[in-house]
**Q** 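Have a look at the structure that comes next, please.
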Amino acid sequence: MAVDGYGAATAVPGPASLQGQAGSSPELVQLLTPEGERVTHPDYPLELTAEEVKALYRDLVLVRRIDTESIALQRQGELGIWASLLGQEAAQVGSGRALGPHDMAFPTYREHGVAWCRGLDPVKLLELFRGVSHGGWDPAEHGFHLYTIVIGAQTLHATGYAMGIQRDGAVGEDGQAVIVYFGDGATSQGDVNEAFIWASVFNAPVVFFCQNNQWAISEPLERQSRIPLYQRARGFGFPGIRVDGNDVFACLAVTRKAMQAARDGQGPTFIEAFTYRMGAHTTTDDPTRYRLASELEAWKLKDPLERVKAYLVRTGAADQAFFEGVDEEATVLGKRVRTACQTMPDPQPLAIFDNVYAEPNALLEAERAQFAAYLDSFASEEVAQ
Amino acid sequence: MSVTDSATAPPRGGVRRLTTARAVAEGIAQEMERDPRVFVLGEDIGAYGGIFGATGGLLEKFGPGRVRDTPISETAFIGLGIGAAVEGMRPIVELMFADFFGVAMDQIYNHMAKIHYESGGNVRVPMVLMTATGGGYGDAEQHSQCLWGTFAHLPGMKVVVPSNPADAKGLMISAIRDENPVVYMFHKGVMGLPWMAKNPRAIGPVPQSGDEVPIGRAAVAREGTDATVVTLSLSVHHALDVAEQMAEADGISLEVIDLRSLVPLDRQTIMSSVAKTGRLLIVDEDYQSFGVSGEVAATVAETDPGMLRAPVVRVAVPDVPIPYARPLERAVLPGPDRIRDGVHRLLKA
């Protein structure tokens with residue numbers, strides 16, 4: 001993709017095989033077609049060994065399994081809610097595997113695949129969705145910040161974090177950069193647009209990774225933007241790129257390059273991962289009320305897992321035993337996640353007074369004592385009976 | 001040269017005296033020298049020095065890398081402050097007027113104040129949100145509110161409200177060093193600005209040293225025996241003026257408590273004073289209902305209402321927006337006349 005004098009990406013025709021396909025456009029960066037055919041792109045050379053491709057495939061399968069298991073757990077009343085990533089595995093695994101150990105990712109509440117890539121045990125995610133913790137993992141340990149529920153708010157936190165990195169002088173090959181995830185719906189938020197302005201003006205080392213899954217709950221993309229989202233970046237003064245969000249190779253290559261550009265002091269990049277939310281917005285939602293089944297069917301043909309499998313089969317890089325092994329691993333993971341979920345202890349009631357401030361607080365200690373006495377009163381009643 | 005024309009008044013009796021604005025800026029500067037993680041973000045805080053002078057001279061000393069003028073985007077720079085604090089920096093973010101909180105309340109209320117709790121204690125947000133409050137100079141409904149009750153209402157952030165130069169410096173130092181988000185609210189009328197009404201109490205002795213004034217501790221600004229006046233910020237000045245006058249003219253002895261911090265609130269100092277005087281007047285420039293004055297009254301009522309020899313009296317802004325018209329604005333603010341009237345009512349009961 002060429003970059004013009006304004007630092008913004010200009011459209012370059014993509015592979016001919018994409019023309020005329022639903023949901024694709026000539027500007028799309030793609031390295032693996034839905035049929036599993038490897039294609040090249042002049043700006044995104046990518047060399048992967050067979051083992052690396054197999055590792056990506058394994059990630060995709062395991063992440064999907066976490067999702068499937070979690071939806072089932074919610075349906076069985078074991079989770080309060082679940083935000084499915086079905087269909088977005090490649091966008092998350094591709095970008096997640098592009099990150100270095102010192103990079104920091106700021107997720108929404110749907111980035112289970114990125115969490116996986118950052119080494120966060122999926123059980124920690126389920127604690128949140130089961131409602132037994134606030135989501136309290138240590139972001140510094142994994143380079144993966146807390147799930148943010150308010151739409152788009154984390155784009156500012158990410159930009160501020162990036163400015164902190166800038167002040168620390170952590171640039172270059174061993175430097176750090178930030179990636180922030182958000183959806184197409186968030187691009188209508190003031191916070192996100194203000195983050196673009198800031199990141200641009202201060203040349204912050206941050207990558208804006210937008211998973212355009214076509215739907216903001218029930219609002220389709222055409223009611224959110226009159227132009228392709230990636231083209232908005234030009235107005236803010238930094239490059240915007242649209243990548244096939246169902247192509248794990250392309251997501252990896254594009255994100256890797258954008259992150260390195262950020263580390264090298266070249267400022268922000270906007271990546272629009274063009275994908276599709278195959279499932280509901282969350283388990284409380286019924287998408288059949290607002291979108292056509294035919295749309296879903298068309299996107300099923302572009303499944304992010306199937307194309308990697310087809311590629312592995314086509315190239316002979318993996319045999320049947322490999323696929324069976326990954327499936328078996330997924331089954332074991334699913335079982336582990338299920339058991340862990342079902343046996344999670346409830347938090348102790350007095351924990352409500354923890355961590356309001358960084359140190360103890362006289363008022364809260366008094367309120368804690370009062371609440372403890374209230375709880376103890378039940379014990380004495382039981383004794384009296 | 002009048003007192004308010006000069007940022008640094010001539011020393012009296014060897015004690016160095018500064019305006020509150022200079023004291024705040026000095027506190028920030030000393031912390032910036034001590035700790036490279038400290039930086040300042042806000043609108044017009046660089047060459048301008050902050051429109052109420054709280055960042056005067058910082059740009060010259062520390063350069064634009066650490067004293068960053070921002071686009072007009074309160075949501076952005078408060079959100080950025082959060083991100084930078086999470087990364088390990090110590091940002092001071094100036095929200096030009098507390099009234100503008102509405103633009104950025106999601107970042108303040110839902111993120112800055114809650115991330116530590118949500119993270120199970122894993123993440124800290126050590127930032128200072130500094131903001132100007134208060135009326136009395138004809139700036140109308142959207143530029144004159146105190147709103148500290150609104151900020152103090154939400155758990156997760158500390159709230160400090162200095163009334164004089166020495167406390168302003170010491171509380172700023174404490175706020176910067178604190179591991180929590182601290183909302184630092186200065187009343188424009190205590191800053192000693194040349195274009196404001198002259199206020200001799202806005203200038204005072206300030207220690208050279210970088211000592212903290214601990215957050216969460218009230219000060220007895222004047223000792224007395226007949227009644228307790230619990231108040232904060234500019235109203236402390238008015239209460240002290242009234243106390244001096246009434247002592248001389250009427251032989252009434254008022255004890256004036258300067259709260260200085262709202263979160264945490266020093267309830268013990270309030271209780272000790274009321275235990276002594278048996279009478280409580282609360283003076284607050286914030287709206288009367290659902291605010292600081294109610295919280296102070298509730299503290300006494302919940303702990304030991306028997307110590308009150310008369311019903312509590314409140315002098316606050318009635319539950320109306322701050323009016324623009326000068327005579328109307330004067331009418332709603334808790335100035336000396338209304339405080340004096342409150343004392344009379346309290347002592348008559």
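Chain letters run A, B, ... following the sequence lines, proteins first and then strands; every chain starts at 1. From a predicted model like this one, the values you see are computed outputs, not experimental measurements.
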**Q** So, A:H157 and B:Q107: side-chain donor and acceptor under 3.5 Å apart, yes or no?
**A** yes

**Q** Against chain A, label B:P36 side chain, backbone, both or neither, depending on which of its atoms sit under 4.5 Å from a heavy atom there.
**A** backbone

**Q** Would you give the length of the straight line joining atom CG of A:L229 to atom CD1 of A:I271, rounded to the nearest 0.5 angstrom?
**A** 13.5 Å

**Q** Would you say the side-chain atoms of A:Y109 and A:T282 include a donor-acceptor pair closer than 3.5 Å?
**A** no

**Q** Do you know which of B:G156, B:A113, B:G216, B:G121 has the most heavy-atom pairs with chain A at a distance under 4.5 angstrom?
**A** B:G156

**Q** Relative to chain B, which segment of A:N193 carries a heavy atom at a distance below 4.5 Å: side chain, backbone, both, or neither?
**A** neither

**Q** Report the option among A:F106, A:F202, A:Y147 that has the most heavy-atom pairs separated by less than 4.5 Å from atoms of chain B.
**A** A:F202

**Q** Counting only non-hydrogen atoms closer than 4.5 Å, does A:T159 touch chain B with its backbone (N, CA, C, O), its side chain (CB onward), both, or neither?
**A** both

**Q** Using only atom types and a distance under 3.5 Å, with no angle test, would you say the side chain of B:S261 pairs donor to acceptor with the backbone of B:I215?
**A** no

**Q** Pick from B:K158, B:H116, B:E118: which one has the most heavy-atom pairs with chain A under 4.5 Å?
**A** B:H116

**Q** For A:R118 and A:H145, does a side-chain donor sit closer than 3.5 Å to a side-chain acceptor?
**A** no

**Q** Have B:W148 and B:D284 got a donor and an acceptor in their side chains that come within less than 3.5 Å?
**A** yes

**Q** Can you say whether A:I165 sits under 4.5 Å from chain B via the side chain, the backbone, both, or neither, judging by heavy atoms?
**A** both

**Q** Most heavy-atom pairs under 4.5 angstrom with chain A, which of B:G120, B:A104, B:A76?
**A** B:A76

**Q** Check each atom of A:A153 against the heavy atoms of chain B and say whether the ones under 4.5 Å are side chain, backbone, both or neither.
**A** both

**Q** At a 4.5 Å cut-off on heavy atoms, which part of B:V123 comes close to chain A: side chain, backbone, both, or neither?
**A** side chain

**Q** Any side-chain heavy atom of B:M185 within less than 4.5 Å of one from B:F151?
**A** yes

**Q** Identify which part of A:T148 has an atom lying under 4.5 Å from any heavy atom of chain B, answering side chain, backbone, both or neither.
**A** side chain

**Q** Given the options B:V263, B:N110, B:D106, B:L41, which has more heavy-atom pairs under 4.5 Å with chain A than any of the others?
**A** B:D106

**Q** Just so I understand: if I count every heavy-atom pair under 4.5 Å between each of A:Q166, A:R167, A:E359, A:M104 and chain B, which residue has the most?
**A** A:R167

**Q** Would you please test B:E43 and B:R68 for salt bridge (charged side-chain N to carboxylate O under 4.0 Å, His left out) and show each step?
**A** CA-CA 8 Å; B:E43 291 156 356; B:R68 289 202 162 178; over 6 Å; no

**Q** Do B:R37 and B:D35 pass the salt bridge (charged side-chain N to carboxylate O under 4.0 Å, His left out) test, and can you show the C-alpha distance, the side-chain angles, and the key distance before you say yes or no?
**A** CA-CA 5 Å; B:R37 300 171 302 168; B:D35 184 348; 2.9 Å; yes

**Q** Is A:D138 in contact with chain B via its backbone, its side chain, both, or neither, using a 4.5 Å heavy-atom distance?
**A** both

